[in-house]
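Chain naming here is simple, since letters A, B, ... match the order of the sequence lines and numbering starts at 1 in each.
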Protein chains: 2
Amino acid sequence: MRAAVIEIGSRDKILDAAEDLFSRRGFAGIGMREVADAVGLSKSSLFHHFSSKAELYAAVVGRILDIIDQRTMAALAIGGDVLTRFDRWLDTLMDTLAEHHNAGRLLLRSLFEDDELNGTSAEERHVDETIKHVFGAVSRLLQEGMQAGVLRKRSIPHVLQSLVGLTVYHFASGEFGEEMFGQSLFTPQLVRHRKDEVKALLHDGLMSGRARVTTKRGKGGSES
Amino acid sequence: MRAAVIEIGSRDKILDAAEDLFSRRGFAGIGMREVADAVGLSKSSLFHHFSSKAELYAAVVGRILDIIDQRTMAALAIGGDVLTRFDRWLDTLMDTLAEHHNAGRLLLRSLFEDDELNGTSAEERHVDETIKHVFGAVSRLLQEGMQAGVLRKRSIPHVLQSLVGLTVYHFASGEFGEEMFGQSLFTPQLVRHRKDEVKALLHDGLMSGRARVTTKRGKGGSES
DNA sequence: GTCTATAGCTAGATAGAC
DNA sequence: GTCTATCTAGCTATAGAC
């Protein structure tokens with residue numbers, strides 16, 4: 001313990017400002033000048049800390065992915081049965097998305113905007129690896145649950161897609177979502193409600209009749 | 001019936017090219033020059049058909065929203081009980097997203113990128129109105145189902161968010177999704193499988209135990 | 001580590017010939 | 001309806017002083 005005053009380095013200030021801006025208008029939508037103005041530095045100073053705009057963007061995305069990764073692993077490491085760990089992970093993920101208002105949009109962008117950043121720099125490879133690390137851990141949890149018989153046997157990739165769609169998209173939906181709910185997406189009540197709705201949907205689905213036990217499926221293979 | 005040859009006007013050719021490009025890299029990520037090159041026209045000719053880049057973008061998004069809107073209304077108008085209409089609409093929506101490879105990404109962008117296009121032009125207002133029209137129709141269907149007791153009583157906005165997340169996000173997930181599934185997102189088998197998975201999840205959820213009938217909920221209000 | 005100055009390029013949009 | 005030429009303004013990135 002040293003001084004109580006927290007000194008935030010320029011690098012972190014740049015990352016903070018860039019995160020806000022990139023999350024709103026994406027990589028191509030933001031110029032280094034806007035970032036510089038937001039931090040209160042000159043454009044050139046940014047290039048002293050990050051060798052290119054792409055590296056700055058990758059650093060921004062990497063930073064929030066590291067948080068997701070670390071909190072995912074922590075949530076899964078505590079233990080408990082599969083359902084306990086699954087629900088705990090969902091809560092943790094959505095709490096993280098709620099705490100970091102830019103996280104949802106940045107994640108969604110990095111998932112569905114391939115062309116923006118297919119780079120080969122260390123920072124960009126780190127982004128790819130971290131995403132795969134998180135998805136790998138959740139995949140193993142789902143597989144364990146299906147083998148143990150507590151989760152219905154479904155396609156793991158499809159469930160992963162559904163989980164992203166249910167959680168990340170919601171917190172990324174911005175003004176559109178806020179208009180639908182009539183309030184900020186990040187109020188404690190709405191966050192709590194979203195967590196409940198997602199878990200309820202994943203647990204029991206939408207249909208109320210209990211007669212429905214199996215769903216008729218297309219003749220599509222069990223593959224894909 | 002006149003000639004069998006289909007004459008595609010310049011306007012449509014521009015829209016086609018712009019759709020491909022905008023869906024991949026977004027509004028800010030594409031320049032009018034790239035669009036012009038793709039169509040085989042000069043940049044200036046584009047401005048003869050669309051008075052600005054923003055108007056071109058709005059026209060692109062509006063065109064696919066019109067398709068979604070028209071097919072949604074058609075699917076709901078056929079009739080049948082609530083569950084039949086709901087499943088038919090889900091099938092129709094996902095078939096449309098599968099047929100128009102750019103639709104998912106464009107829709108997702110127009111939903112979560114507020115800052116790109118908050119304009120006041122006629123084209124942009126049309127986009128907003130069409131989105132609301134579709135969501136309104138689905139909302140009424142959900143409400144009817146909940147009142148009739150065939151759907152669990154859930155927050156309509158939350159269900160709408162979940163439906164977008166489960167359907168649109170999947171078809172927008174691009175290279176990331178394709179890497180996860182090991183194939184194009186648009187193969188007939190994978191499309192059929194996605195439709196089945198989404199409907200199965202919405203019907204019954206993920207948990208296999210039938211003991212679970214009600215889910216414990218947070219103490220959050222029934223509002224939001 | 002921050003600055004000014006600037007290179008080199010591309011952006012969206014307009015003017016006006018044909 | 002398409003073109004060339006051009007305007008102004010922006011961009012990423014670098015050079016080099018302090």
Side-chain angles (χ1 to χ4, degrees), chain A residues 5-62 109 113 115-124, chain B residues 5-62 109 113 115-124:
Chain A
V5 179
I6 299 172
E7 281 292 341
I8 303 177
S10 283
R11 197 188 149 90
D12 290 315
K13 281 191 219 161
I14 295 170
L15 285 171
D16 288 341
E19 183 183 294
D20 263 348
L21 293 167
F22 282 138
S23 75
R24 280 207 285 273
R25 292 210 294 281
F27 177 75
I30 294 298
M32 293 297 264
R33 189 207 143 106
E34 288 178 84
V35 179
D37 286 352
V39 198
L41 286 176
S42 80
K43 225 174 27 167
S44 303
S45 298
L46 267 51
F47 286 96
H48 176 79
H49 296 277
F50 303 93
S51 68
S52 72
K53 182 186 169 186
E55 195 173 294
L56 170 59
Y57 185 73
V60 166
V61 176
R109 286 187 190 281
E113 296 189 344
D115 283 11
E116 305 283 60
L117 230 57
N118 55 349
T120 47
S121 78
E123 302 262 27
E124 297 174 53
Chain B
V5 179
I6 300 173
E7 280 292 340
I8 303 178
S10 283
R11 197 188 149 91
D12 289 314
K13 282 191 219 162
I14 296 170
L15 285 172
D16 288 340
E19 183 183 294
D20 262 349
L21 293 166
F22 282 139
S23 76
R24 280 207 284 274
R25 293 210 293 281
F27 177 75
I30 295 297
M32 294 296 264
R33 189 208 145 106
E34 288 177 84
V35 179
D37 286 352
V39 198
L41 286 176
S42 78
K43 220 173 35 164
S44 303
S45 299
L46 267 51
F47 286 96
H48 175 80
H49 297 275
F50 302 93
S51 68
S52 71
K53 182 184 167 186
E55 196 173 293
L56 170 58
Y57 186 73
V60 166
V61 176
R109 286 187 191 281
E113 296 189 344
D115 283 10
E116 306 281 61
L117 232 55
N118 56 346
T120 46
S121 78
E123 302 262 28
E124 297 175 54

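For the residue pair B/Glu124 / B/Ser121, a side-chain donor-acceptor distance below 3.5 Å is found, with atom types taken as modelled. Residues B/Ser23 and B/Glu19 bring no donor and acceptor atom of their side chains to less than 3.5 Å of each other.
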Dump the intermediate steps for side-chain contact (heavy atoms from CB on, under 4.5 Å) on A/Leu15 and A/Phe50, then the final yes or no.
CA-CA 10 Å; A/Leu15 285 171; A/Phe50 303 93; 3.8 Å; yes

Determine whether B/Glu113 and A/Arg109 satisfy the following criterion, salt bridge (Lys or Arg N to Asp or Glu O under 4.0 Å), listing intermediate values before the conclusion.
CA-CA 10 Å; B/Glu113 296 189 344; A/Arg109 286 187 190 281; 2.8 Å; yes

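Contact record, A/Lys53 with A/Ile30: NZ-O, 2.8 Å, taken as the closest heavy-atom pair. B/Phe47 and B/Ser52 get closest at one heavy-atom pair: CE2-CA, 4.1 Å.
Between A/Tyr57 and A/Phe22, the two ring planes are perpendicular [angle over 60°; tilted spans 30° to 60°].
Less than 4.0 Å separates DNA chain D from at least one heavy atom of each of the following residues of residues 40-56 of chain B: B/Leu41, B/Ser42, B/Ser44, B/Ser45, B/His48, B/His49.
Protein chain B contacts DNA chain D over a range whose 5' and 3' limits, counting nucleotides with an atom under 4.0 angstrom from a non-hydrogen atom, are D/dG1 to D/dA5.
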